[in-house]
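Notes follow the structure.
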Amino acid sequence: MKVFILKKRKYFIEAAKEFKVVVNGIVLQAALNLSAAQQNACFVGYTATKKLGKAHIRNRTKRRLRAAAALVLPEKGLAGVNYVLIGRHNTTTLDFSYLTKKLKEAVEAINLQIIEREQKNDQADNDKND
RNA sequence: UAAGACGGCCGGACAGUCGCGCCAUAGCUUGGACUAUGGUGAGGAAAGUCCGGGCAUCAGGGGAACAAGGCACCGGAUAACGUCCGGCUGGGGCAACCCAAGGGAAAGUGCCACAGAAAAUAACUGCCUGUCUAUAAGAUGGGCAAGGUUGAAAAGGCGAGGUAAGAGCUCACCGCGGUGGUGGCAACAUCAUUGGUCAAGGUAAACCCUGUCUGAUGCAAGACCAAGUUAGGAGCAUCAAGGUGUAUCUUUUUUAAGAUGCAAACCAGAUGAUAAGAGGCGUUCUCCCCUUACUCCAGAGGUGGGUCGCAAUGAGCUUUGAUAGCAAUAUCAAGCCCAGAUGAAUGGCUGUCGGUUUGAGCUUACUCAAAUUACAGAACCCGGCUUAUAGGCUGUCUUAUUUG
RNA sequence: GCGGGUAUAGCUCAGGGGUAGAGCGCAACCUUGCCAAGGUUGAUGUCGUGGGUUCAAAUCCCAUUGCCCGCU
């Protein structure tokens, strides 16, 4: 599974509207992306707001998110999904192994949501066809 | 030894492992969000954006007036500065040393609450005295500016003489001003002499005056490439008659095609020329020089694609050396090349050694354990200022005490 | 990256050198059988923070902190 970086503001907004899971240290959002599905890859973006602190704290937050995502997403990520990781105030202080564990849980949870939604849609399509 | 003053420097180190950006080279399924190897990768403040520049655009340059704003003891340093260095004056400290937006209040205007007779023109109270009425005292004329509960501030201070009462009215000392000498580039210091019409408080971080400096906008500047969109209006003359438009006619496939005419308007093109006019760095005026006719206004669409600017030649860097200077700094020599991203690299984890604090063993040392290890992240680039900062190293000096 | 504004009572805001104010809210009392409305009275500020100028600063100057906004 290849992991690429999200750069467009549009996709961040889409992700915020669709799926969302919150765990200790991380907020995870996601949305479907058809073009990514064709490449058999998923996209990931990182966000750290001004609320967290000054520039060096925000940079540190993004680095830890990036390091955690590099461990988790190649295995757990679904193809054709845009993930957005949002840092929280305790992201920099939490133990790193704990953070990765939590991220893994979050990704699994959000993947479940996405799959359920797709199955529903498929069923709906099937019903219509019938 | 204790207390203190002023500087300078550092801003954890090493190793392992998994990763990231950029550059170079090589490779490939040959142009990509690829792979390999090598190199390289945050600060003293990268911060705040408070000053000064470089650079870019407004075509370039000069002058006058006005406006707006900054600065303000003197000299020097510098590309420049509101920065720095050295001095002066005033204030603080026993001292080392520190602090100061530190020009002008006899150019003008304003303001000075409360209190106080009065906040600047004088008046009121008061002191002395002549005349009249006359018991006390009052009325009126003259002289005077010492005293008058206040206040941040009251028309030099203090003492003596002097007088009807008083008064720089006179004198001594101090202060203040003028002139001259000496020292100093100067601010200023000092000495001499002279001034009593000594000039009538404060406030200029109130307006202001004087001197001096400043064009505006900031790399989201700006240049090029690619893609896309478009109602309208304004701005010379001429030509030609292409497109479009429009009118008429013909054909018949009558929602079309063709022909001819027109050139008022629009689009596009060519030519001409200097007369007038328009635009061109805060405003007005002016001079030189130049430029534009596809320029300006307005509207529409879009939410921002790529390359350059932009990282190795610089106001560059150095625990280097020499020379000049008290110093800031300058010159010369030697050596060096040192981040360049754009949802934004410089990280995650582990170990060892450090620093600090606390506790225990405990005679300092030393050992063990725990905690802690700052402020903070380049975004066009430099010189400063300001603010934040755990902890540490180091130099010079002052005062006090003790010992030799 | 560049530029601007603001901070005053619990809340919303005046005041631009001389004793800090208004409205709403709060408290007490009056009115009522009780409540609301109404009336009377009262309390409430380190004027965001730290320096400076001044006799005197919320006000003028400098620095700083938080919040808000614009440019694209």
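Just so it is clear: chains get the letters A, B, ... in the order the sequence lines come, proteins before strands, and each one is counted from 1.
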Practice task
Would you kindly give the NZ-to-P distance between A:K62 and B:G343, to the nearest whole Å?
Solution key: 9 Å

Fill in the blank from the handout: Which of B:A42, B:A376, B:A33 is nearest the side chain of A:H56? It is B:A376

Exercise for the section: Send over the distance from A:Y98 OH to B:G348 C1', rounded to a whole Å. Expected result: 18 Å

Exercise for the section: Examine the base of B:G377 for any acceptor or donor lying under 3.5 Å from a partner atom in the side chain of A:R63, and report the outcome as yes or no. Expected result: yes

Completion exercise
Between A:A69 and A:Y46 the two heavy atoms that sit nearest each other are CB-OH, 3.7 Å

Problem - Inter-nucleotide C1' distance (B:A167, B:U149), Å rounded - result: 25 Å

Practice task
Starting at atom CG of A:N59, determine the distance to atom P of B:A376, rounded to an integer number of angstrom.
Solution key: 14 Å

Exercise for the section: Consider the side chain of A:A67, meaning its heavy atoms from C-beta on, and name the nucleotide among B:G377, B:G348, B:A344 that approaches it most closely. Expected result: B:G348

Problem - Proximity to the side chain of A:A55 - top-ranked nucleotide from B:C349, B:A378, B:A42 - result: B:A378

Handout entry: d(CZ, A:F96; C1', B:G19) in whole Å
Key = 10 Å

Practice task
Could you tell me whether A:S97 contacts a base, only the sugar-phosphate backbone, or nothing, with contacts defined as non-hydrogen atoms closer than 4.0 Å?
Solution key: nothing

Completion exercise
Separation of B:G19 atom P from A:L73 atom CG, nearest Å, is 16 Å

Problem - Heavy-atom pair of closest approach, residues A:L94 and A:G25 - result: CD1-CA, 3.8 Å

Problem - P gap between B:A388 and B:A371, integer Å - result: 32 Å

Exercise for the section: Send over the distance from A:D95 CG to B:C349 P, rounded to a whole Å. Expected result: 8 Å

Exercise for the section: Can you see which heavy atom on A:A30 is nearest to which on A:I110, and at what distance? Expected result: CB-CD1, 3.7 Å

Problem - Same-atom distance (P) from B:U121 to B:G90, integer angstrom - result: 32 Å

Exercise for the section: Between B:U131 and B:A117, how far apart are the P atoms? Round to whole Å, please. Expected result: 35 Å

Exercise for the section: Check whether any side-chain N or O of A:R66 sits under 4.0 Å from OP1 or OP2 of B:A344, and answer yes or no. Expected result: yes

Handout entry: N-glycosidic conformation, B:A42 - syn within 90 degrees of 0, else anti
Key = syn

Exercise for the section: Find out whether the Lys NZ or Arg CZ of A:R64 is both under 6.0 angstrom from the six-membered ring centre of A:F96 and within 45° of the ring's axis. Expected result: no

Problem - Gap in Å between the two P atoms, one belonging to C:A7 and one to B:G151, rounded - result: 37 Å

Practice task
Report yes or no: does A:R88 contribute a side-chain atom to a donor-acceptor pair with the main-chain N or O of A:V23 at less than 3.5 Å?
Solution key: yes

Exercise for the section: Search all heavy atoms of A:K20 against all heavy atoms of A:V22 and return the closest pair with its distance. Expected result: CE-CG2, 3.9 Å

Practice task
Choose from B:C349, B:A33, B:G377 the nucleotide whose nearest atom is closest to any side-chain atom of A:F43.
Solution key: B:A33

Practice task
Take atom P in B:G48 and the same atom in B:C219, then report the distance between them in whole Å.
Solution key: 15 Å

Practice task
Using a heavy-atom cut-off of under 4.0 Å over every strand shown, decide if A:Y46 touches base, sugar-phosphate, or nothing.
Solution key: base

Problem - For C:G16, glycosidic torsion class - syn if within 90° of 0, otherwise anti - result: syn

Exercise for the section: Rounded off to whole Å, could you give me the OH-to-C1' distance for the A:Y83 and B:G343 pair? Expected result: 19 Å

Practice task
Name the nucleic acid region contacted by A:R58, choosing base, sugar-phosphate or nothing; use a 4.0 angstrom heavy-atom cut-off, strictly under.
Solution key: nothing

Practice task
Could you classify B:U313 for me, syn or anti, using a glycosidic angle within 90° of 0 as syn?
Solution key: syn

Problem - d(CG, A:L71; C1', B:C20) in whole Å - result: 14 Å

Problem - Closest nucleotide among B:G348, B:A42, B:A376 to the A:R60 side chain - result: B:G348

Problem - Closest non-hydrogen atom pair, A:L78 against A:I115 - result: CD1-CG1, 4.3 Å

Practice task
For B:U229 and B:G301, measure between their P atoms and round to the nearest Å.
Solution key: 13 Å

Handout entry: C1' gap between B:C81 and B:G92, integer Å
Key = 31 Å

Problem - Chi-angle category of B:C338 [syn within 90° of 0, anti beyond] - result: syn

